[in-house]
Amino acid sequence: MTMLLASDTLLYVFVKDSTDNDLSFSQKMAQADIDEGLYSRQLYVIDHDAMRRMGKADVLIAGMRGLGVEIAKNVILAGVRSVTIQDDGVVEWRDLSSQFYLKEADLGQNRALCSEKQLSSLNVYVRVSAWTKKLDEDFLSKFQVVVLTNSPLEEQLRVGAFCHSNNIKFIVADTRGLCGQLFCDFGESFEVRDTNGETPVSAMIGHISKDNPGIVTCTDEESHEFTDGMFVNFSGIQGMTELNSYGPIEIKVRDIYSFSICNTSNFSEYVKGGVATEVKQTEILTIRDPELVEMTDYGKIQRNLSLHLAFQALHRFTQKYSRVPHPRSQADAEVLVTITKELCTDAKFDELDEDAVRQLSLVASGDLAPVNAFIGGLAAQEVVKACSGKFTPLRQWLYFDALECLPQENDEVLSEDACAPVSYNRYDGQIAVFGSAFQDKLKKQSYFLVGAGAIGCELLKNFALIGLGAGEGGNITVTDMDSIERSNLNRQFLFHSKDIGRLKSEVAAESVKEMNPYMNITAHQNRVCPETEEVYTHSFYSNLDGVAAALDNVDARVYLDQCCVRNKKSMLEGGTLGSKGHTLVVVPHLTESYGPSTSGGQKAIPICTLKNFPHRIEHTLQWARDQFEGLFKQAAENVNNFLSDPTFVDRTVARGDVEAVEILEGVYRSLGEEWPQNWADSVSWARRQWETLYNNPIKQLLHCFPPDQVTSSGLPFWMGAKRCPHPLTFDSNNTTHMDFIVAAGNLYGQIYGITGSRNRADIQSILQGVKVPEFTLKSSVKIAVTDQELKEENEERKEEVVCTLPNVLFILVFQDDDSNFHMDYIVAASNLRAENYDIPTADRHKSKLIAGRIIPAIATTTAAIAGLMCLELYKLVQGHQKITSYRNAYINLATQYFVLSQPCVAPTFTVSDEATHLSPSNITLFLDYINMTFIKLIVTMGVFHFSLHLNCSIYLIT
């Protein structure tokens with residue numbers, strides 16, 4: 001079929017540098033150094049190099065209605081060099097239904113000028129300016145990316161042709177009621193440095209053959225995650241060392257434990273060790289045949305081609321009648337179908353979904369915040385791709401519809417009068433789709449939002465725009481116990497620098513009241529958990545119409561889900577992980593609930609792996625995290641407990657687990673030989689600790705298991721996942737060695753109230769006078785190879801430690817401050833441990849991600865997910881009872897992957913006395929009114945128990 005927006009050859013272009021002569025000094029400095037405090041979460045989605053490329057891009061966003069401001073907000077938060085917003089129109093009442101920076105006082109004024117100040121406050125590193133004139137070629141030539149929103153086809157063709165011929169990336173975004181459109185033209189060739197943004201995979205090597213091709217066999221600890229065509233680098237190989245410097249090698253997967261590489265027949269014999277790590281390859285994308293990206297929706301037939309032609313028909317309708325179709329006008333709908341059929345003939349397309357075209361016509365005059373949020377999130381992500389070269393761009397069209405949000409068949413049919421604009425009404429854009437009666441219903445809703453972070457802010461913005469709880473009897477209760485931090489400002493756009501330190505829920509409530517002064521909103525600062533059930537009682541939930549979850553961990557989601565099931569309340573749930581996101585809708589007695597956690601979270605690392613046999617940087621980071629907790633937190637807490645609680649020793653001994661010995665030994669050392677009197681003592685302790693961690697135990701380990709040790713089976717002991725370590729020799733001129741001393745010395749001094757120093761020259765001077773005890777190898781020492789052996793070893797030592805504790809009273813103060821040497825210690829400690837075992841080290845950025853268990857996040861995904869959640873809210877408020885109406889979603893904006901599916905049906909269980917051959921008198925059904933989360937069916941004959949989640953139907957047949 002023929003694409004009607006651009007020429008036959010759709011071009012992709014490179015970002016061109018523009019002059020920065022007009023930048024202020026502060027702006028130039030901002031570009032030179034990325035503000036990791038602000039962009040910390042985003043940098044784990046878009047790396048430093050991509051962020052620097054974005055910092056050179058100037059972006060134009062034309063159209064400042066709801067969709068345009070959504071895109072601008074996300075792009076500014078992402079951190080390009082400049083954003084220019086353009087609009088030559090004035091504020092109308094209908095704009096207030098989706099444009100969150102416009103107020104009633106702005107009516108009649110230019111939309112761009114009214115939005116400029118608020119958008120400028122989102123990111124101090126991004127220049128924001130407004131343009132109120134038409135788009136001419138001289139003006140367009142100043143930008144690397146141009147975005148048109150809700151623009152006529154003639155303008156799209158004109159601007160698109162200019163951008164096409166001048167190497168300017170071009171994006172078109174449009175929303176019409178419940179439908180949306182997105183188009184990208186990045187040129188005839190576009191360089192993508194990372195197609196998916198996933199962390200490079202790696203695998204430990206067990207053997208490499210001398211062959212053509214060489215066969216690499218991984219260790220049997222776990223299967224590799226490589227795929228055909230990947231490129232890998234090798235490191236740490238002993239024997240066949242040629243591969244360590246060979247450079248990226250393309251692989252071909254043989255099975256889950258092996259893959260083939262280049263010709264290794266002339267290389268040295270492989271001895272042992274080595275890691276294969278994926279190397280991301282730059283790809284040059286060329287687009288000759290444009291595509292329609294299918295938004296996979298298992299709840300309805302695909303209608304992308306029909307929507308493509310219907311949007312073109314809308315442009316023709318508007319051009320002919322100088323207006324869009326009237327809301328709910330059947331006559332206009334038939335006209336649009338006729339125009340679309342004409343386009344079908346030209347395109348030789350004979351599978352037109354006429355019903356979808358009619359529905360588009362009925363809602364085309366609407367302007368909905370949730371649809372703008374979703375399409376705006378996607379469009380902004382394409383801007384990020386255009387500026388950064390990160391992720392796979394859209395090729396080239398995407399259509400989305402949520403027409404299932406409309407009233408169901410048995411509901412009252414909407415009329416033209418019901419959807420006609422109301423005088424001086426801020427919700428006209430929404431009334432055009434759902435009618436005035438539905439708007440009244442929205443205003444009366446009472447909702448509970450748990451979480452005021454990134455998704456919570458986006459949801460509150462949408463709630464304010466659609467008028468949820470903004471009428472008599474309506475209310476939004478939002479709770480969040482956290483305070484605003486600087487890193488929040490990159491995604492949680494309701495907060496600004498002046499709000500740092502304030503409570504999130506309070507500031508969020510104030511911000512949305514500014515967007516919609518009619519909002520009824522109450523801010524709480526409580527965690528929703530068993531301890532607050534006296535606040536969030538059955539009575540509290542009974543007064544709610546629904547719950548929205550904007551939480552960042554599974555346990556909290558599971559608990560809130562249980563509360564909703566217990567009180568028979570619907571729940572909207574969403575989450576993000578970088579460019580990925582999901583939504584879930586729970587409808588009592590219709591869909592299955594979130595349910596108990598089926599994931600064990602992060603896979604636990606065996607203790608012996610951490611203690612003696614690490615082979616990945618994740619192991620050394622976890623080891624460093626454990627060392628930090630043990631040395632600077634738990635040790636101080638244990639001493640305080642020992643000094644204040646006379647039963648501490650007895651309680652510790654009675655525990656009888658592997659921790660008892662370490663706890664009591666730590667208290668003994670902290671109150672005795674390791675009690676520093678001054679800063680020099682703290683440095684001395686750090687220096688001795690260095691030997692204790694990176695030299696002595698490694699020597700002892702190698703004494704027990706020499707490098708040539710063999711097992712009882714005759715196989716090398718040090719093979720596969722067991723990497724043979726080597727001790728380190730301290731060098732005060734080694735940066736990492738000194739990083740450890742500085743961090744460890746300062747932290748140790750802190751828990752004893754001693755002021756430290758960062759002066760490395762002074763510290764080196766102190767180190768010259770430190771006497772490090774000579775270490776003597778012990779042949780009698782037994783190294784535990786398994787966790788069970790480790791437990792038995794500790795039990796034997798417990799009695800010896802207990803009787804040597806001194807009776808000294810001294811209170812230790814520990815300051816757990818993440819900005820004060822914490823990450824310094826973890827990075828240095830982990831990398832030194834990695835050096836012991838020849839494991840590739842990690843920089844501070846990667847170490848912080850792993851050790852800090854940071855969740856990558858970006859505003860684009862958050863906005864899109866919140867938009868999808870609020871589309872489900874429309875259905876809940878209307879009371880849709882057909883499961884075919886609802887959608888759960890999984891999206892990945894990095895790769896344009898979208899899957900929407902119907903929720904699973906709430907399971908139904910039938911319990912029959914005939915099937916079990918039991919009489920009703922032998923069955924007791926207990927339903928706890930206070931804790932209705934589970935129904936426990938106890939069969940008294942024979943001991944038989946099972947539990948059923950309440951969000952299902954149970955039939956007891958007698």
Side-chain angles (χ1 to χ4, degrees), residues 202-211 214-224 234-244 254-259 261 264-265 267-277 605-620 622-623 658 692-729 775-794 796-797 832-840:
S202 62
M204 291 191 61
I205 299 168
H207 184 263
I208 305 176
S209 69
K210 288 185 64 174
D211 210 340
I215 305 301
V216 179
T217 304
C218 302
T219 63
D220 58 2
E221 294 293 313
E222 55 187 28
S223 59
H224 68 72
F234 291 95
S235 61
I237 296 174
Q238 297 184 35
M240 196 178 286
T241 55
E242 295 89 341
L243 286 175
N244 291 331
R254 299 176 74 249
D255 55 44
I256 61 173
Y257 292 105
S258 65
F259 55 88
I261 54 173
T264 60
S265 56
F267 291 174
S268 306
E269 288 286 345
Y270 174 82
V271 177
K272 64 179 179 180
V275 176
T277 304
I605 303 172
I607 296 176
C608 273
T609 298
L610 293 176
K611 188 175 178 65
N612 295 315
F613 309 116
H615 55 269
R616 301 176 65 91
I617 195 65
E618 289 82 0
H619 300 160
T620 65
Q622 182 60 56
W623 176 86
V658 296
T692 301
L693 296 176
Y694 306 111
N695 190 338
N696 302 347
I698 303 300
K699 289 179 178 178
Q700 185 63 58
L701 181 62
L702 292 174
H703 179 70
C704 297
F705 300 107
D708 57 356
Q709 177 86 10
V710 295
T711 66
S712 57
S713 302
L715 297 174
F717 178 84
W718 297 106
M719 66 176 295
K722 286 189 175 69
R723 302 174 70 95
C724 186
H726 63 274
L728 303 183
T729 301
F775 177 69
T776 304
L777 293 170
K778 300 177 182 179
S779 300
S780 60
V781 171
K782 178 183 178 183
I783 301 292
V785 178
T786 67
D787 285 359
Q788 179 59 34
E789 291 181 10
L790 190 64
K791 181 178 180 180
E792 294 171 357
E793 172 188 321
N794 280 307
E796 294 173 0
R797 295 167 52 210
L832 289 169
R833 179 78 164 173
E835 188 179 344
N836 274 137
Y837 286 85
D838 293 318
I839 298 170

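Note that these values count all heavy atoms, side chains included, but never hydrogens, waters or copies made by symmetry. Nothing here was measured: the structure is a model prediction, and the numbers come from that model.
Side-chain atoms of T219 never come within 3.5 Å of backbone atoms of A721 as a donor-acceptor pair (strictly under, hydrogens ignored). Not a single donor-acceptor pair under 3.5 Å links the side chain of E269 to the backbone N or O of G239. Checking side-chain atoms of H726 against main-chain N and O of E835 turns up a donor-acceptor pair under 3.5 Å. Looking at T711, its side chain does come within 3.5 Å of a backbone N or O of S713 through a donor-acceptor pair. Of the possible polar contacts, one joining the T264 side chain to the D211 backbone as a donor-acceptor pair under 3.5 Å is found.
Residues satisfying the side chain to side chain contact (heavy atoms under 4.5 Å, CB included) criterion with P716, sequence neighbours excluded, are M719. With sequence neighbours left out, K210 forms a side-chain hydrogen bond (donor to acceptor under 3.5 Å, both in side chains) with no residue at all. Among residues two or more places apart in sequence or in another chain, the side-chain hydrogen bond (donor to acceptor under 3.5 Å, both in side chains) test is passed with D838 by none.
When all heavy atoms of R723 and G274 are compared, the closest pair comes out as NH1-O, 4.3 Å. Closest approach of R833 to L610, counting heavy atoms only: NH2-O, 2.7 Å. Smallest separation of non-hydrogen atoms from S268 and E242: OG-OE2, 2.9 Å. Contact detail for I205 and G273: the closest heavy-atom pair is CB-O, 3.9 Å. The heavy-atom pair separating F259 from A276 by the smallest distance is CZ-CB, 4.0 Å. Between R616 and S202, the shortest heavy-atom distance links the atoms NH2-OG, 3.7 Å.
Using a 4.5 Å cut-off on side-chain heavy atoms (C-beta onward), N612 and P697 make no contact. Contact annotation: the side chain of P614 never approaches that of N836 to less than 4.5 Å [non-hydrogen atoms, C-beta and beyond].
Atom NE2 in H703 sits 11.0 Å away from atom OG1 in T776 (nearest 0.5 Å). In this structure, CD1 in I208 is found 9.0 Å from OG1 in T217, a value given to the nearest 0.5 Å. Between I698 atom CD1 and L728 atom CG the span is 7.5 Å, to the nearest 0.5 Å. Remark: K722 NZ to K272 NZ distance equals 13.0 Å, nearest 0.5 Å. Remark: L777 CG to N696 CG distance equals 9.0 Å, nearest 0.5 Å. Note that CD1 of I617 is 6.5 Å distant from CD1 of I839, once rounded to the nearest 0.5 Å.
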For L693 and W623, what are the C-alpha separation, side-chain angles and deciding distance, and is it a side-chain contact (heavy atoms from CB on, under 4.5 Å)?
CA-CA 11 Å; L693 296 176; W623 176 86; 3.8 Å; yes
What verdict does the side-chain contact (heavy atoms from CB on, under 4.5 Å) test give for C218 and I256, after you've listed the backbone C-alpha separation in whole Å, the side-chain angles of each residue and the deciding distance to 0.1 Å?
CA-CA 9 Å; C218 302; I256 61 173; over 6 Å; no
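Note: Y837 and H615 fail the aromatic proximity criterion, with ring centroids not under 6.0 Å apart.
Ring-plane geometry between W718 and F705 is classed as perpendicular, the angle between the planes exceeding 60 degrees on a 0 to 90 degree scale with a lower cut at 30.
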